[in-house]
Amino acid sequence: MKKTSLILVMSIILFGCNSDDIKSAIDNVNNVIDNAGDAIDSLNDITSDHDDIAELDTHSFTNTQKQHYAQISTDVNTLVLSVAGVCVDKQDGINPDFTTLNCNIADHLTDLAITEFSDITLLNGKLDITRQNENLFIIKTNENVTFKAPIISSNTISYQLQGDNKITLQLSNENDPSLTTSFSGFYTDGSQSDNSSWTIASINDQSFSFTDDDNTQLVALTNGQAQLISKDNQTYSWSTNTIGKVVLKEQ
């Protein structure tokens with residue numbers, strides 16, 4: 001039975017033969033059906049967007065491949081923190097009481113710090129930095145961080161810090177400042193169509209220390225632990241040593 005015929009029968013049963021009442025009922029039900037259809041279409045669009053991004057399959061990865069992915073995934077956070085620190089320092093000189101800050105990575109491409117164990121070229125991205133209190137900062141992405149890392153991909157990779165994903169930075173002591181950080185983020189490799197995304201997260205209670213050297217411009221995340229989550233919830237984990245080099249955990 002067609003939609004309109006069914007509505008007509010239901011309307012006669014409910015309202016009798018008054019044509020105005022029937023017409024009004026049909027219009028109302030049609031509106032409900034149309035709105036429901038729009039909602040379903042929107043949901044399908046969202047679902048299809050996620051379906052387009054398959055997960056990285058690390059099942060057959062060698063230890064060398066795992067090392068490369070872990071080092072790149074860690075050091076992108078290192079570079080993002082370095083850029084965020086420049087933005088915070090600059091804003092702190094203008095308004096030390098700021099609570100929110102937008103930071104455009106493209107504005108800092110000529111004075112980027114260096115990571116010793118990975119070859120990463122930051123391209124773009126916009127950060128939203130929130131100051132929770134005097135010593136605690138939360139970093140998310142307003143626009144995904146994009147970068148190149150030839151050792152794992154020939155194309156551009158994007159890094160997303162949205163939803164539950166974020167970088168947390170804690171300043172321990174103003175008189176003897178040390179920076180500790182934890183993170184969770186979502187990577188997408190634009191060069192791969194069927195195995196292109198993975199998630200990383202620092203392991204609870206195993207935060208990293210952020211270190212930088214003004215003389216060498218080297219930055220690193222040291223003495224922390226993290227893991228990579230890929231297809232079918234495959235995971236592997238690592239730590240970093242005192243100079244930021246990844247050390248894989250035995251599986």
Side-chain angles (χ1 to χ4, degrees), residues 69-92 98-109 111-118 120-147 149 157-173 177-189 197-212 217-229 235 237-240 244-246:
Y69 271 84
Q71 192 73 62
I72 293 297
S73 299
T74 301
D75 282 346
V76 167
N77 286 280
T78 312
L79 293 174
V80 168
L81 280 165
S82 178
V83 173
V86 173
C87 290
V88 167
D89 287 345
K90 183 177 180 180
Q91 184 63 23
D92 210 29
F98 79 92
T99 55
T100 59
L101 176 63
N102 303 120
C103 180
N104 190 345
I105 288 175
D107 294 337
H108 303 279
L109 296 180
D111 55 357
L112 287 175
I114 304 167
T115 53
E116 184 174 1
F117 302 105
S118 57
I120 298 171
T121 303
L122 289 187
L123 301 175
N124 216 327
K126 294 182 179 179
L127 309 176
D128 285 339
I129 303 170
T130 302
R131 192 177 209 160
Q132 299 281 349
N133 58 48
E134 187 65 26
N135 298 320
L136 179 64
F137 298 85
I138 305 296
I139 302 170
K140 294 199 168 191
T141 50
N142 182 282
E143 292 182 9
N144 291 352
V145 175
T146 56
F147 65 95
I157 302 171
S158 67
Y159 184 43
Q160 182 185 96
L161 296 164
Q162 295 177 0
D164 291 335
N165 293 323
K166 61 187 177 182
I167 300 174
T168 301
L169 182 67
Q170 178 77 51
L171 176 66
S172 61
N173 189 312
S178 62
L179 300 173
T180 57
T181 184
S182 59
F183 51 77
S184 61
F186 181 75
Y187 288 87
T188 305
D189 181 354
S197 70
W198 66 97
T199 301
I200 64 157
S202 52
I203 296 174
N204 290 342
D205 302 322
Q206 299 294 330
S207 297
F208 292 80
S209 295
F210 176 82
T211 63
D212 60 341
Q217 288 190 297
L218 286 174
V219 291
L221 291 182
T222 65
N223 300 318
Q225 295 185 30
Q227 64 178 350
L228 184 149
I229 304 100
T235 64
S237 58
W238 64 90
S239 61
T240 54
K245 185 174 183 178
V246 160

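Just so it is clear, the values below take in all heavy atoms, side chains as well, and ignore hydrogens, waters and symmetry mates. Keep in mind that what you see is a predicted model, and the values were worked out from it rather than measured.
Taking every heavy atom of both residues into account, Asn165 and Ser184 meet most closely at CB-O, 3.2 Å. Listed here is the closest heavy atom pair of Thr180 and Ser207: CB-CB, 4.4 Å. Summarising the geometry of Trp198 relative to Ser73, their closest heavy-atom pair is NE1-OG, 3.1 Å, with the distance given to 0.1 Å. Contact between Ile139 and Leu81 at its shortest, heavy atoms only, is CD1-CD2, 3.8 Å. Of all heavy-atom pairs between Ala84 and Ile129, the closest is CB-CD1, 3.8 Å. Listed here is the closest heavy atom pair of Thr141 and Gln162: O-NE2, 3.2 Å.
Side-chain atoms of Asp75 do not come within 3.5 Å of backbone N or O of Thr78 as any donor-acceptor pair. Remark: side-chain polar atoms of Lys166 are not paired, donor with acceptor, to backbone N or O of Ser182 under 3.5 angstrom. Side chain of Ser172 to backbone of Ser178: a donor-acceptor contact under 3.5 angstrom is found.
A 4.5 Å side-chain heavy-atom check between Thr235 and Leu228 finds every atom pair outside the cut-off. Here the side chains of Leu127 and Cys87 are not in contact, with every heavy-atom distance at 4.5 Å or above.
Thr199 OG1 to Ile229 CD1: the interatomic distance, rounded to the nearest 0.5 Å, is 5.5 Å. Taken to the nearest 0.5 Å, the CG atom of Asp164 stands 7.0 Å off from the NZ atom of Lys140. Atom OG1 of Thr222 sits about 15.0 Å away from atom NZ of Lys245, to the nearest 0.5 Å. We find the CD1-CH2 distance between Ile203 and Trp238 to be 8.5 Å, quoted to the nearest 0.5 Å. Taken to the nearest 0.5 Å, the OG1 atom of Thr115 stands 7.5 Å off from the CD atom of Gln71. In this structure, CG in Leu136 is found 10.0 Å from OG1 in Thr130, a value given to the nearest 0.5 Å.
With sequence neighbours excluded, no residue satisfies side-chain hydrogen bond (donor to acceptor under 3.5 Å, both in side chains) with Ser158. Under the side-chain hydrogen bond (donor to acceptor under 3.5 Å, both in side chains) criterion, Thr240 pairs with no residue, sequence neighbours left out. Checked against side-chain contact (heavy atoms from CB on, under 4.5 Å), Lys126 has the following partners two or more places apart in sequence or in another chain: Asn104, Asn142, Glu143. With sequence neighbours excluded, the residues satisfying side-chain hydrogen bond (donor to acceptor under 3.5 Å, both in side chains) with Asn102 are Asp128. In terms of the side-chain contact (heavy atoms from CB on, under 4.5 Å) criterion, residue partners of Asp212 (sequence neighbours excluded) are, by chain and number, Phe210, Asp214, Val219. Every side-chain contact (heavy atoms from CB on, under 4.5 Å) that Ile114 has, sequence neighbours left out, goes to Gln217, Leu218. For Tyr159, the side-chain contact (heavy atoms from CB on, under 4.5 Å) partners are Val76, Asn77, Val145, Phe147, Leu161, Tyr187, Ile200, not counting sequence neighbours.
With Leu112 as the partner, the side chain to side chain contact (heavy atoms under 4.5 Å, CB included) test is satisfied by one option alone out of Val86, Thr121, Leu79, Val83: Val83.
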Trace of the side-chain contact (heavy atoms from CB on, under 4.5 Å) decision for Ser82 with His108: CA-CA 10 Å; Ser82 178; His108 303 279; over 6 Å; no
Verdict with supporting geometry, Thr188 and Gln160, side-chain contact (heavy atoms from CB on, under 4.5 Å): CA-CA 8 Å; Thr188 305; Gln160 182 185 96; over 6 Å; no
Test log, rule side-chain contact (heavy atoms from CB on, under 4.5 Å), inputs Ile167 and Phe137: CA-CA 8 Å; Ile167 300 174; Phe137 298 85; over 6 Å; no
Criterion side-chain contact (heavy atoms from CB on, under 4.5 Å) on Phe183 and Leu221, from CA distance to verdict: CA-CA 11 Å; Phe183 51 77; Leu221 291 182; 3.8 Å; yes
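Asn133 CG: more than 12 foreign heavy atoms inside a 6.0 Å radius.
Between Lys90 and Asp107 no salt bridge is recorded (no basic side-chain N to carboxylate O distance below 4.0 Å).
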